[in-house]
Each structure stands twice: as C-alpha cells, then as structure tokens.
There are 2 protein chains.
Amino acid sequence: MRIGEIAALVGVTSRAVRHYHHMGLLPEPERRANGYRVYSVRDAVLLARIRRLSELGLSLDEVRDVLADDAGRELAEVLGELDADLARQEEEIRGRRRRLAELMTEPLPPEGPVSPTLARLLRAAPDTDSAMAAKDRELLVLLDTAGGGEEFYEALHPLLEDPGVLSLYARLDELAEAAADDPRVGPLADALTAVVPEALLDAIPEGDGPPVPEGVGAAIFRDFSPAQAEVGRLVMEALGRMRKRRTTKTDGKKPE
Amino acid sequence: MRIGEIAALVGVTSRAVRHYHHMGLLPEPERRANGYRVYSVRDAVLLARIRRLSELGLSLDEVRDVLADDAGRELAEVLGELDADLARQEEEIRGRRRRLAELMTEPLPPEGPVSPTLARLLRAAPDTDSAMAAKDRELLVLLDTAGGGEEFYEALHPLLEDPGVLSLYARLDELAEAAADDPRVGPLADALTAVVPEALLDAIPEGDGPPVPEGVGAAIFRDFSPAQAEVGRLVMEALGRMRKRRTTKTDGKKPE
DNA sequence: CTTGACCTTGCCGCAACGTCAGGGTTTCTA
DNA sequence: TAGAAACCCTGACGTTGCGGCAAGGTCAAG
C-alpha cells in the first residue's frame, strides 16, 4: 500500500499519516526505490488504533503512551481521566450556555453583557444624561467584571431607583469645572455621605492598605475635576471614619 | 494605572492586555517617559467588555467585530450562532463520553478499542493461537475502523463461534510454507467457500472495480504464503461467481 | 507527449496567549 | 547607599494537530 491507500483505508488523510510518523506514533515503513513509503497490513492496524484513540479525544502524546505499554493497564487509567476531563468541559459549556441564555432573554444594557444581577440594577436606574452617573455605571460594570460586588447590588437598588439621587448627580456635574476650594464641595460631600448605604462600608475599606491598588484610584480621580475629586476624597474619609466607629463598636467579628 | 494594575483590576494577565493591543482590540494608551503604558478608567471598561465577551466563548476576531458596531445588533446575531456552536460541541462531547462508557464497561479486546458490536463478536470467538485467525481478527478491526462492516457482524457470529472453523484455520496454517501448487490448496478453498455466509457476498463485490484499492489487496496477500494466497484467490473467484449468479437471478434490485 | 493523480520534503499558519531572554525602572529594605 | 524584589519594555519561540502551499519527482492512461 502507498500512503494514500492506507490513509483512505483507515479514514485519515495522508498528511495525518506523515504527521504520525513525525510524532513517532507510527514507525516509518520501508521505501520503494522511488522514495514512496510502502505500508503493510500491520501498519494499517496500528494506524487504525491511533485513529480510534485520537478520536476518543486523547492527545497524540497520550496515544503514544497508551500504545507504548501494550497492556491495557495504562489505557484504562487514561480513559478514566479523559472522561473526567470531558465531564469538566461539558459542565463548562453548559455554564456558558446558561449565561448566554440569560443574556439573550433580557435586553442587555449598552455597557455590554454583564451579570444578570447588575443588568437588573442598571435597567432599574432612571434614565439620565448626567456625566457623573455614566461614570458610576462604568465603575459598577468594572466591579462586576472583577467579580467583586454581587453582594451589595441589593443595597444599591433603593439608591439608583431614587429620583432624588439624580439631583446629587446634577450637583456633581455642576462642579465639572470648579476648583477644589469651591464652596459647594463641603455640603455636597455631606449630602452624599448621608445617602451611602451601610452595605457599601463593607466594600470600601478592607483593612489598612489602599482598597484599590493606588494607581487605579489615581486613574479614577483623574477623570474628575479638582472639585469633584475633593468631594470624593471627603466622602471616602467620612466613610473611613464611619467604618472605624462601627468596627470598634461591634468589634471582634473576625479576629482571624 | 500601569498594565499590571489594569490587568489585575479586570482579571486578566498583563500578557493578555498586550496581546489585545497587538490584535487591535484595545488601543495603545499613552506612555510615560519611561515607556510604561498608562491606562485610564475608560481603558479598563473596554478591557472588561473584552474579557466578558471572550469568556462567553467568542474568538478575538468576533469580539473585535462586536465592539466595532456599537449597536447591539451584531451582538445578538453572534451570540446566536455561538450558542448553536456550543450546542454542537456539547453534543459531540456527550457522544464521546457515551463511547467511552461503552468501552469501560466491557473488557476491551487486546486489539484496542473497537465498536461494541465488534467487541462482542471478538469475545465470542473461541480462543486460538492460529496465525491465520489472528490475521482475520486484524482485518476485522480494520474494517471496523473504516466504518465498513457493522452490518454483517451478525452474519459472522455463527461462523466465529463454530469450533469447526478452527480446523479450517489450522489447515490454512499448515500451508504457511507451502507452494501455490500444493495439492491441499484446492480442497481447502472449496471447504472455505462452503462456509462463507450469504451476507459476505454483499460486502465483497461492490461492482466491477476492485473492492479494495489494489495496493491494499496486495498488502494483504503479501502476508500470505503462496499456497495461502492461492486459496484466497480461489475463494474470491468462487465468491465472485456466486455473486454474479445471484444478481442475475434476483437482478434489477437497484438499477439506479 | 501531455495530462492528471499520485508521491516526496519542508516550511508557514492557526488561537490565545504562556514563557523565556535580555534588558531598564522604581521602590522597598538592610 | 547599595542591593534585591517587583515592576515594566520588546521580541521571539512554544503550544496542538494537522491544512495548505511550494517545488519538485513518479507513474499510468489517453
């Protein structure tokens, strides 16, 4: 047999046969004077085993190992972990399809696909063209992608649905060109601090170190005007104090 | 933010971020004087969308396309065919796992994993150390791999389980060194022809052309001694005559 | 004599990065 | 103040299982 014949017989391509030679799965057979490979029935049988094994999903390396120890000992073992691997893949695909199905039933927000929980939150939020609100949404999406926040979306619902919050956004927007010492900064920071729900306190602090790796915070603040940044700083400070008071009061929850 | 920070924030590696730059998914940001990339929140938001989309299983090319037309129009379409693709993959994995399960319940023949039908046939065959029988088994495995024969394994069951067939194999083995004109050749060919079941007639002929691509037949016959090859030739000839008689009798079954 | 169907070797391409190699920068620590 | 740790940079190769192409040589038929 020549290579095309053995390939057709077993149901693979000539190219694959040569590849198996190259990988050491199938020994190089004799050559005819013109250089053509000549295959025997024994080669075909071996090639057939290679095809069957690789069709089951074994990698060529695994196929080589299985063929090497001709007892069925290793085969059973490999097949076992192969099945486990396939089970894992199947589960993963199902997970992806679940997420896909969720995405396709609900209209997805313009920010792109996000977790269904956040999608509901964003849909519930009132429509606005506030620049600050847009940034907030972006940060929420970021947090969502980072896998962070799921747990306090609940706490945010009353906030985002509250039309009163829109006026706070408006006041922030008004500071888009203001300096850090603008007189409106202080009162706005107080007003914002007042509406931040308890749940956020858990999210922000996280000990002594910066909650976000420094550069991230800097990047966020760089999008703000000096006045807006100052408001942010003040709110963060106030939240830090609130947290400290709370932890000293309730104390040793997780002494670790 | 530097690259490591944005990567950690969004949950990918720095290498992936650079890769997305290279692929044109994420625009190259400004550099600091030392050459470091500096990222903004906007970059992080975009990177987050990339991660989400690619996690759903979109290829980077698809991600780029989806990001390009910022309406959700194309996205829905892509998600649709993605789901179809995943469904296909899931079905394929299930098929492989089914085959695996079959293999692992029954003890598998030393020839390696074969179709369950053939596995049953091989297990039913009596134990023997006849060289000819071994070759027969090999050819059956080959046929099985080629997807050929499933249909007449049934017909072979009575043959392979018949201990009387062992004596035929023995007589073939005795011709391992014999010449083509050995007197035992003729009678043995007749005996063999007599036991070949009807069902095989459908498998062998298949029209005028050689049933197997010439070189394959040659390879099979090269494993035989001259006497054995002669027996094979005679049996094939007889089968051909039988087939022709049958087709002229029942005739126009499939005039096409 | 010319197709056309084979065969040969060898090398690039793919998808989404991981992983060096071989440098420079910044920052913490002794 | 020096050295080490932890970053950053570019560039290039490795992964998997072949497909496809280039640039030939071989062989049977028309």
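Below, each value reflects all heavy atoms present in this structure, side chains not excepted, and no hydrogens, waters or symmetry copies. In the text below, chain A, chain B and the rest are named by the order of the sequence lines, each starting its count at 1.
- Panel note: side chain B:Asp43, backbone B:Pro29; no donor-acceptor pair is recorded below 3.5 Å.
- Going from atom CG of B:Leu58 over to atom P of C:dC17 covers 13 Å, rounded to whole Å.
- Toward the 5′ end of DNA chain C lies the nearest nucleotide of B:Ser54, the other residue of the pair B:Arg2 and B:Ser54 mapping further downstream.
- In this structure, the CZ atom of B:Arg51 is 16 Å from the P atom of C:dA16, given to the nearest Å.
- Here C:dA16 presents its P atom at 15 Å from CG of B:Leu47, a figure rounded to the nearest Å.
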Write out a two-atom table: protein N or O, nucleotide N or O from nucleotides 20-24 of chain C, distance below 3.5 Å.
from	atom 1	to	atom 2	distance (Å)
C:dG24	N2	B:Tyr36	OH	2.9

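- Separating the CZ atom of A:Arg32 from the P atom of C:dT8 is a distance of 10 Å, rounded to the nearest angstrom.
- Electrostatic pairing of B:Glu102 and B:Arg98 does not count as a salt bridge here, judged by no charged N lying under 4.0 Å from a carboxylate O.
- Taking atom NE2 on B:His19 and atom C1' on C:dG18, their separation rounds to 11 Å, with Å as the unit.
- Ion pair A:Arg52/A:Glu55 not flagged as a salt bridge, since none of the NZ, NE, NH1 or NH2 atoms sits closer than 4.0 Å to an Asp/Glu carboxylate oxygen.
- Rounded to whole Å, atom P of C:dC6 lies 16 Å from atom CD1 of A:Ile6.
- If you check the side chains of B:Arg51 and A:Thr145, you find no donor sitting under 3.5 Å from an acceptor.
- A salt bridge links B:Arg241 to B:Glu237: at least one charged side-chain nitrogen sits closer than 4.0 Å to a carboxylate oxygen.
- For the pair B:His22 NE2 and C:dA15 P, the interatomic distance rounds to 14 Å; values are reported in whole Å.
- Side-chain atoms of B:Lys135 do not come within 3.5 Å of backbone N or O of B:Phe224 as any donor-acceptor pair.
- At a threshold of 4.0 Å, the pair A:Arg94-A:Glu91 counts as salt-bridged, since one of the basic side-chain nitrogens sits closer than that to a carboxylate oxygen.
- C:dT26 atom P lies 16 Å from atom CZ of B:Arg37, rounded to whole Å.
- Distances shown here put every side-chain N or O of B:Thr13 at or beyond 4.0 Å from the OP1 or OP2 atom of C:dC17.
- With the nearest nucleotide of DNA chain D identified for both A:Ser59 and B:Arg18, B:Arg18 has the one nearer the 5' end.
- In the 5' to 3' direction, nucleotides of DNA chain D lying under 4.0 Å from heavy atoms of chain B begin and end at D:dC7 to D:dA12.
- Contact check, A:Asn34 against C:dT8: no side-chain N or O comes under 4.0 Å of OP1 or OP2.
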Exercise for the section: Could you walk me through whether B:Glu214 and A:Met1 pass the side-chain contact (heavy atoms from CB on, under 4.5 Å) test, one step at a time? Expected result: CA-CA 8 Å; B:Glu214 147 101 274; A:Met1 274 182 288; over 6 Å; no
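- Using a cutoff of 4.0 Å between basic side-chain nitrogens and carboxylate oxygens, B:Arg97 and A:Glu90 are scored as salt-bridged.
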